[in-house]
Amino acid sequence: MRYLYYPGCSLRSTGKAYEESLLSLFRALDVPLEELDDWNCCGATAYMAVDEDKAMALAARNLSLAERQHGRSGQTQLVAPCSACFLVLTKTDRYLKGNPEVQKVVGRALADAGHSYAGTVTPRHPLDVLVNDIGVETIAKKVKSRLGHLRLACYYGCQIVRPFASFDDPRTPSTFEKLMEALGAETVDWPLRTRCCGASLMGTIHAVGMEMSYSILKEARRRGANCVVTTCPLCQLNLESFQQEMNKQFDDDLRMPVAYFTQILGLALGIPNDKLGFNKIIIPPPMTSGAPQGGEPARV
Amino acid sequence: MGSKPSTAPYGLPLHVVEPKKVRLQIAFQSELDPAFAQRVKWRAHGEAFLNCIQCGTCSATCPVSPYMDYTPRKIVAMVREGFKNDVLQCLTIWLCASCYSCTVECPRQIRITDVMYALKREAISEGLYPKKLPTPVLATEFFKQVEKRGRNSEALLMMALYWKTNLVKVFRDMKLGMTLIRMGHLPLRPESVRAKGEIKALMDGVEKAEKELWS
Amino acid sequence: MFEPAQQNGSPRIGFYVCHCGHNIAGKVDVTAVAQAVARFPGVVLSRDYKYMCSDPGQQMIMDDIREQKLDRVVVASCSPLLHEHTFRTAVARGGLNAFHFQMVNIRENVSWVHDDPADATEKAVDLARAAVRRVRLHRALEQKKVPITPAVLIVGGGIAGIHAALTLASAGKKVYLVEKEPTIGGHMAKFDKTFPTLDCAACILTPKMSAVRSHPNITLWTYSEVTKVEGFVGRYRVTVKRKPRYVIEELCVGCLECIEACVFKEGKFYDEFNQGLGKRKPVYIPFPQATPQLVLIDPEQCIEFKSGKCKKTCAEKCDRDAIDFKQTERIEQIEVGAVIVATGFQTVPSEKVPFYGYGRMPNVFTALEVERLVNASGPTGGQVVTREGKAPKAVGIIHCVGSRDEKTNRWCSRVCCMYSLKLAHLIKEHTGAEVFNFYTDMRTAGKGYEEFFYKVMDDGVHFIRGRVAEVSDWAFTPDEEGKLVIRVEDTLIGRVRRVPVDMVVLATGLEPGPDSQQIRRLFNMSCSSEGFFLERHPKLAPVDTFTDGVYIAGACQSPKDIPDTVAQAGAAAAQVLALIDAGSKELEPNTAYIVEEECSGCKSCIALCPYTAISFDAARKKALLNEALCKGCGTCVASCPSGSIRQNLFQDDEIFSEIEGLLTPVT
Amino acid sequence: MSAHVAAREGAAPRAEWKPRVVAFFCNWCTYTAADLAGVSRLKHSPHFRIIRVMCSGRVDPQFVMDAFARGADAVLIGGCHPGDCHYMEGNYNCLRRFHLLQRMLGQMGIEKERFRLEWISASEGERVKTVVNSLVEDVVRLGPLALPGRLREWDREIDHLEAAVSERHEEATSHAR
């Protein structure tokens with residue numbers, strides 16, 4: 001199994017902490033991640049609205065680049081940590097195999113750009129790689145400090161289990177919890193683990209995005225979680241950075257840490273904090289079993 | 001045809017308060033677009049929604065449906081019957097957050113998210129989306145950035161968006177923006193791909209191929 | 001009608017092409033077909049007619065045979081599976097051998113499946129040419145008759161099997177009723193009331209159950225399974241395995257004192273009859289009215305079986321010494337003339353519908369569980385209560401669970417709307433709770449059904465049109481705390497609603513039973529795509545199967561309510577009676593035979609025959625074929641290196657001429 | 001040989017060429033499925049013709065060879081799924097013959113796409129449609145087989161060879177004389 005790494009635009013801007021912790025984690029696990037050379041935007045969600053074919057053409061170029069870089073053995077795994085990238089790459093791969101119209105349009109565009117895609121690349125989300133390739137047991141063996149003080153609300157968000165991923169049940173997924181429990185952390189059983197946070201609406205129809213995110217954080221708190229863990233840079237940004245505004249708007253006093261699952265894994269594996277990007281998130285999770293101590297809330 | 005019932009103060013329907021503004025709440029067959037369903041079907045890559053049983057699972061599972069003017073189920077019914085203007089001018093399609101819940105839950109396995117994409121695209125090409133609605137602007141900005149650089153910078157995107165839609169909001173969110181920039185979240189130097197020519201060729205290729213396919 | 005230009009002697013073939021109204025003529029140019037066929041060698045007459053299968057159509061064939069001295073007939077119409085028999089009979093009545101006939105399928109195989117009229121017409125002509133070539137070679141054949149043993153095997157002791165058994169037995173036929181559970185009664189025995197009349201299920205079922213038990217013509221084998229079926233219509237040899245109950249049937253009188261005496265003072269094990277809502281002991285009787293009234297011991301649970309160290313208080317208590325821990329399974333061999341398969345259904349297993357929280361949230365129930373709750377003889381004595389034992393204040397009944405869904409089952413299960421209405425009524429009656437029905441479409445087609453719907457509406461039951469997306473314990477508002485929240489779009493109002501309830505009832509749909517594939521193979525039946533047993537014809541032969549002498553009844557054929565099941569069981573019984581009372585059945589003469597002079601004695605055919613119809617005559621070094629055993633597959637024919645085995649109706653030269661006919665216009 | 005090559009590589013098959021597929025369907029499963037396809041009005045390619053046999057086990061390799069020799073562009077055999085044969089195991093016998101025959105046909109230069117065996121149960125009307133369509137699609141891609149023409153060509157070649165051989169032979173004998 002060879003892993004190519006597709007960062008996507010988010011991990012180079014708002015999701016810096018995700019990238020840092022992800023790379024540190026894979027290094028610690030001795031699983032090499034090689035960056036896809038000259039990757040371009042995946043064609044994400046917002047683009048789909050304007051022109052789905054163009055979005056898929058963009059994604060297809062990345063798939064083609066992956067074949068160029070690692071050959072067409074069918075072994076190439078393209079690791080896309082951002083849920084939106086993962087979804088669009090997977091969707092494009094599927095549609096290029098099953099939909100003749102998409103094949104025609106995107107195939108033509110690829111050819112014009114000097115590319116072609118033979119369908120040998122499997123887009124993967126790091127959660128899937130960690131649980132199903134590396135294995136929960138292998139990871140559990142490497143745990144240096146167990147995280148008994150954490151009560152985690154594992155938040156899958158929407159696009160990693162829906163609608164294409166086959167590594168977990170789209171309605172009642174469980175891989176995330178299994179992984180976190182292997183670190184000694186507690187997980188809460190909550191019904192909103194795959195409910196959309198509304199990230200794509202935050203910048204557009206803000207009021208709706210606010211209500212959606214707030215309801216998720218509120219339920220996590222109601223279930224007794226002391227940290228929400230996410231697998232997606234958009235969810236993280238969205239759930240974390242608007243808490244101050246939410247408190248004002250909904251007359252509440254939320255201060256819920258929202259961390260990347262890679263950061264939590266890194267903590268358990270004993271990776272130093274400064275290599276996990278904790279300085280790049282606003283409300284860090286409780287670090288020890290003592291009272292929740294999180295950082296200062298964002299100064300605004 | 002099909003104007004949304006608006007309400008006046010005291011919660012009374014508008015036409016009770018202002019009888020002059022009474023609108024016919026009836027759909028005449030002549031005002032509908034019989035080819036609309038077929039066109040949307042093409043745009044949605046042949047997605048079949050004609051056998052929708054109107055069960056409402058999509059609406060019930062949708063996290064955004066409480067804010068919509070028409071529930072997703074209604075949208076499907078309206079598309080099927082050719083209510084083009086109502087559908088393309090509604091807020092629903094722009095509220096869709098692409099979370100794919102409806103697509104997963106639909107008992108007829110209709111990919112409703114793809115239908116929503118098709119409708120957005122149709123609305124943009126017909127210029128029928130609600131004015132001041134930021135989403136089409138965002139999408140178009142996104143589009144421009146990627147065409148230019150192959151990658152997008154979320155920071156620039158947000159700026160562009162707020163400038164174009166709502167100046168006041170920018171100042172309100174400025175504080176947050178500044179926090180994020182300070183924490184290194186939003187790099188102001190945009191990244192680019194090396195092979196910019198390829199991106200251009202790719203986009204042009206899609207346009208050419210689409211033209212051939214649809215003509 | 002087109003008179004061909006010239007004729008010279010035999011064969012004299014008559015060709016008929018059917019319009020089938022617009023079914024064929026709408027796509028195939030039947031006149032052109034008739035014209036084209038008229039030019040084929042040997043065809044003396046070629047006609048098209050509106051409905052060939054109709055009386056005038058058949059009469060036309062008969063008249064033509066006599067008047068035009070036809071000696072061969074070809075009809076191009078629908079599938080031979082539908083009307084071959086009809087036309088063969090007409091040909092025979094016209095005075096020809098019934099097998100001097102060939103049928104061409106230009107409806108199912110042509111007009112219904114092709115779009116282009118020119119292509120369809122061309123194909124019809126090709127197929128007709130093949131048939132015309134073939135029919136010239138047809139031999140006159142005799143149909144053999146087999147006698148019908150006047151005994152019937154009925155598999156499955158639910159209401160369908162019970163009804164069919166009683167009908168046949170009272171007509172004086174010997175019936176073997178085989179049921180895999182320890183009691184007959186099936187699903188119906190679990191119900192409290194039946195819709196739409198609300199009469200008590202036990203009151204109408206248990207008398208029939210005891211009638212089965214006491215009828216002199218019925219041999220009832222419960223806790224038994226059919227393991228092997230051999231033979232053919234008229235004489236099926238069936239092997240039945242009777243599992244040990246560890247209780248001697250002839251001695252047990254059903255006093256149940258052994259159960260009382262069991263070392264387990266309380267029930268401890270999953271009680272199948274009560275859907276696990278109650279507990280039973282290792283020695284038990286499924287329910288008080290079980291038929292036969294015999295206890296049984298579950299060896300997986302009984303201490304004596306597990307350790308051999310039980311005090312065996314049950315056996316001590318039994319003054320008739322009916323308990324026998326050493327009992328073994330018994331094998332019975334029977335011979336019957338016909339079989340009725342009435343193996344019923346299962347409700348969609350809860351694992352298939354995890355999204356409604358069954359198993360995760362205790363107060364999500366299946367409808368069958370609630371049937372047991374409302375039943376006065378059930379585990380709660382007829383109390384409808386939550387798992388905590390409290391009476392619910394609000395109950396939500398979710399329709400279409402596992403039905404009408406591409407991800408589980410596509411079909412409408414037909415009975416759930418009505419049983420949901422029944423449960424809504426009963427729950428309301430028992431608890432006074434607010435009852436919400438969440439339905440996609442309300443289907444109440446049936447005598448008195450719609451009226452029952454109105455009655456339940458009058459009861460004040462809520463009807464919300466919308467398929468439920470989720471049941472969760474996510475409380476959004478304070479009044480939702482501690483409740484199950486049902487999220488649904490009220491599609492008639494056009495708004496999404498959250499309805500908090502104390503109890504959720506899943507109206508699970510019906511699907512083929514877990515062993516249906518096994519049963520299908522046993523009796524050589526086919527299944528339709530959803531897995532229900534396939535009837536020979538959906539309208540004209542709804543209880544026949546493709547295997548002669550094997551009939552189906554009840555929900556094993558498709559989801560059905562009790563009235564329809566009973567009607568179908570009656571129909572199956574009538575078919576069996578017609579078969580038995582006719583005394584014999586004509587067989588399709590498609591058996592193989594050996595031309596001895598040509599047999600080289602290589603024995604390659606012998607191993608191929610699945611029916612051991614071929615043996616080897618060592619003295620003469622020839623293969624011998626027993627036509628009585630041959631079922632006519634033709635495998636031996638295709639593999640005989642010297643070509644000495646032939647098959648009636650499917651002779652090599654007939655098939656070669658068919659191929660030639662299909663491919664003739666090579667350009 | 002040349003006729004075959006011409007047909008495939010030449011300018012184009014003649015405009016009026018339509019693929020011709022001969023299908024041997026077993027009575028119990030596949031023929032019933034074809035009926036079901038009809039009853040369900042599942043439109044599919046008209047370029048195939050069904051011959052009904054009781055069991056796929058009845059399909060003699062000669063039938064297949066004959067169909068090709070008479071100009072079929074492809075042959076399809078349809079039988080019950082393994083384990084579902086109405087005659088218990090006729091379909092297994094068919095399968096065994098099929099593999100052998102496919103190899104033989106391959107040696108004659110008949111592509112393996114032109115000879116297919118499919119298990120289609122009585123309930124799989126939809127599958128009749130997809131199988132027939134995909135087979136016809138394959139045939140259209142491969143072009144006409146035109147075996148009768150090729151056989152004539154071969155005959156001529158063999159005649160030619162025989163003539164040449166006998167000529168040689170005569171020469172040789174006359175030389176010897």
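Labels below follow one simple rule: chain letters A, B, ... track the order of the sequence lines, proteins then strands, and each chain is numbered from 1. Note: hydrogens, waters and symmetry copies are ignored here, and every other heavy atom, side chains too, is used.
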Given that the side chain runs from C-beta out, which part of B:Ile93 has a heavy atom under 4.5 Å from chain A: side chain, backbone, both or neither? neither
Any idea which of B:Glu207, B:Glu105, B:Lys200 has the most non-hydrogen atom pairs under 4.5 angstrom with chain A? B:Glu105
Tell me, out of B:Ala201, B:Ala195, B:Gly197, B:Cys99, who's got the most heavy-atom pairs with chain A below 4.5 Å. B:Cys99
A:Tyr155 versus A:Cys232: any side-chain heavy-atom pair under 4.5 Å? no
Counting heavy-atom pairs under 4.5 Å with chain B, the top scorer among A:Pro163, A:Ser215, A:Pro100, A:Gly157 is A:Pro163
Test item: A:Leu254 and A:Tyr214 side chains (from C-beta on) under 4.5 Å apart, heavy atoms: yes
Relative to chain B, which of A:Leu110, A:Val161, A:Val106, A:Asp112 shows the most heavy atom pairs under 4.5 Å? A:Asp112
Considering only heavy atoms, which portion of A:Pro170 lies under 4.5 Å from any heavy atom of chain B: side chain, backbone, both, or neither? side chain
Pick from A:Gly114, A:Ala207, A:Cys196, A:Ala113: which one has the most heavy-atom pairs with chain B under 4.5 Å? A:Ala113
Stepwise ring pair (Phe, Tyr, Trp, His ring centres under 6.0 Å) check, A:Tyr156 with A:His125: CA-CA 11 Å; A:Tyr156 295 78; A:His125 190 272; 9.7 Å; no
Within 45° cone and under 6.0 Å: A:Lys280 NZ/CZ vs A:Phe278 ring: no
B:Thr103 versus A:Arg162: any side-chain heavy-atom pair under 4.5 Å? no
Is a salt bridge present between B:Arg121 and A:Glu52, judged by a nitrogen-to-oxygen distance below 4.0 Å? no
Is it the side chain or the backbone of A:Asp38 that comes within 4.5 Å of chain B heavy atoms, both, or neither? both
Go through the atoms of B:Ser101 and report whether side chain, backbone, both or neither lie under 4.5 Å from a heavy atom of chain A. both
